[in-house]
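Following: one structure in structure tokens, then a few remarks.
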Amino acid sequence: MPSCGLAKAAAVLRGGGIVAYPTESVYGLGCDPFNRGAVMRLLRIKRRIASKGLIVIAARLGQLTPFVAEFPEHVLDTWPGAYTWLLQPRRRIPYWVTGRHARIAVRLTAHKTARELCLAASMALISTSANRTGQSPVRDYREALRRFGGEVDYVVPGRVGGFRQPTAIIDAASGKIIRPG
């Protein structure tokens with residue numbers, strides 16, 4: 001049974017809203033990846049262009065199967081964990097998720113609150129750092145409330161994980177590290 005805060009956040013997400021929530025290293029902003037209006041609103045809040053693409057996180061592999069064509073074994077060996085992988089997307093994944101990229105960025109998160117949020121909402125979530133483009137990301141609940149409380153629909157109480165840097169992003173096909181963790 002999710003906590004009251006997670007239940008409220010899950011209802012907001014299912015209703016097309018945006019939440020701020022703790023992840024492995026920073027607070028994230030999230031919404032339903034298939035809800036175009038919610039994703040466009042999230043991008044406006046961040047002042048981020050859609051062509052950059054976004055990360056999708058999940059609590060269970062089944063939550064990522066609508067997005068990903070195939071999960072290589074070397075990727076599965078790292079999950080759940082703080083690794084975001086670039087994988088081959090399924091057909092008809094919205095542009096607002098992949099941006100200009102041929103691959104989709106996905107992570108099976110190990111962060112307790114982020115996992116519980118995906119489970120409570122019964123969906124994978126967009127996960128992008130809670131910051132405006134060019135600014136430092138938010139790392140605690142009070143700062144998330146101060147910076148985004150008036151723009152998002154709910155801020156989930158909690159603590160970020162012990163990672164000081166955002167998760168690594170790795171291209172699964174080439175092994176190239178796009179962003180070190």
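Quick note: residue numbers are just sequence positions, from 1.
Note on residues 118-139: pairs passing salt bridge (charged side-chain N to carboxylate O under 4.0 Å, His left out), not counting sequence neighbours, are Arg132-Glu151. Evaluation of the ring-ring contact (aromatic ring centres under 6.0 Å, His included) test over residues 19-76, restricted to residues two or more places apart or in two chains, returns Phe34-Phe67, His74-Trp85.
Remark: Ile177 CD1 is loosely packed, at most 12 non-hydrogen atoms of other residues, nucleotides or ligands lying under 6.0 Å away. The environment of Arg14 atom CZ is dense: over 12 non-hydrogen atoms of other residues, nucleotides or ligands sit within 6.0 angstrom. Within 6.0 Å of the CZ atom in Arg90, the count of heavy atoms belonging to other residues, nucleotides or ligands exceeds 12.
Taking both residues in full, the closest heavy atoms of Trp96 and Leu54 are given as O-CD1, 3.6 Å, listed atom of the first, atom of the second, then distance. Taking both residues in full, the closest heavy atoms of Ile93 and Pro66 are given as CD1-O, 3.4 Å, listed atom of the first, atom of the second, then distance. Heavy atoms only, all atoms of each residue included: Pro89 and Ala102 are closest at CD-O, 3.2 Å. Across every non-hydrogen atom of Ala38 and Ile18, the tightest pair is O-CD1, 3.6 Å. A pairwise comparison of heavy atoms in Val75 and Leu87 identifies CG2-CD2, 3.9 Å as the closest pair. Considering all non-hydrogen atoms of both residues, Pro166 and Ser25 come closest at CA-OG, 3.3 Å.
Residues Arg179 and Thr167 have side chains in contact (heavy-atom distance under 4.5 Å, counting atoms from C-beta outward). The shortest distance between side-chain heavy atoms of Ile126 and Pro33 falls below 4.5 Å. Under the 4.5 Å side-chain criterion, counting only non-hydrogen atoms from C-beta, Leu6 is in contact with Thr113. With contacts defined as side-chain heavy-atom distances shorter than 4.5 Å, the pair Thr128/Leu43 does not qualify. The side-chain heavy atoms of Leu125 and Val56, taken from C-beta on, include no pair separated by under 4.5 Å. The side-chain heavy atoms of Leu86 and His101, taken from C-beta on, include no pair separated by under 4.5 Å.
Without hydrogens or angle criteria, Lys176 side chain to Ile170 main chain gives no donor-acceptor distance under 3.5 Å. Proximity of a side-chain donor or acceptor of Arg100 to a complementary backbone N or O of Gly53 within less than 3.5 Å is not detected. With hydrogens and angles ignored, the 3.5 Å screen pairs no side-chain donor or acceptor of Asp32 with any backbone N or O of Leu13. The backbone N or O of Ser129 sits less than 3.5 Å from a side-chain atom of Lys46, completing a donor-acceptor pair.
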If you apply the rule side chain to side chain contact (heavy atoms under 4.5 Å, CB included), what do you find for Asn131 with Ser136, and how did you get there?
CA-CA 6 Å; Asn131 64 300; Ser136 62; over 6 Å; no
For Trp79 and Val106, run side chain to side chain contact (heavy atoms under 4.5 Å, CB included): C-alpha distance rounded to whole Å, both residues' side-chain angles, the deciding distance at 0.1 Å, then the answer. CA-CA 11 Å; Trp79 282 346; Val106 293; 3.8 Å; yes
- request: Dump the intermediate steps for side chain to side chain contact (heavy atoms under 4.5 Å, CB included) on Leu117 and Val19, then the final yes or no.
  value: CA-CA 10 Å; Leu117 182 57; Val19 299; 4.1 Å; yes
TODO: Kindly determine whether Thr109 and Glu24 satisfy side chain to side chain donor-acceptor pair (under 3.5 Å), including the steps that lead there.
DONE: CA-CA 8 Å; Thr109 183; Glu24 289 86 348; 2.6 Å; yes
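Every residue meeting the side-chain contact (heavy atoms from CB on, under 4.5 Å) condition with Ala110, not counting sequence neighbours, appears here in chain and number order: Pro80. With sequence neighbours left out, Ala59 forms a side-chain contact (heavy atoms from CB on, under 4.5 Å) with Gln63, Arg115, Cys118, Leu119. Residues passing the side-chain contact (heavy atoms from CB on, under 4.5 Å) test with Arg44, sequence neighbours excluded: Met40, Arg41. Partners of Arg47 under the side chain to side chain donor-acceptor pair (under 3.5 Å) rule, at least two apart in sequence or in another chain, do not exist in this structure.
No chain of hydrophobic side-chain contacts below 4.5 Å, direct or via other Ile, Leu, Val, Met, Phe, Trp or Tyr residues, connects Ile57 to Val138. In the hydrophobic cluster analysis, where Ile, Leu, Val, Met, Phe, Trp and Tyr join through side-chain heavy atoms closer than 4.5 angstrom, Val97 is grouped together with Leu29. Linking Ile, Leu, Val, Met, Phe, Trp and Tyr whenever their side-chain heavy atoms come within less than 4.5 Å puts Val152 and Val160 in one cluster. In the hydrophobic cluster analysis, where Ile, Leu, Val, Met, Phe, Trp and Tyr join through side-chain heavy atoms closer than 4.5 angstrom, Val39 is grouped together with Leu64. Taken together through direct or relayed side-chain contacts under 4.5 Å among Ile, Leu, Val, Met, Phe, Trp and Tyr, Tyr95 and Ile49 form parts of separate hydrophobic clusters.
Summarising the geometry, atom CG belonging to Asp140 is positioned 9.5 Å from atom CG belonging to Leu145; distances are rounded to the nearest 0.5 Å. In this structure, OG in Ser127 is found 10.5 Å from NE2 in His111, a value given to the nearest 0.5 Å. For the atom pair Ile45 CD1 and Thr133 OG1, the distance stands at 12.0 Å (nearest 0.5 Å). Here the NZ-OG1 distance, from Lys52 to Thr98, works out to 15.0 Å after rounding to the nearest 0.5 Å.
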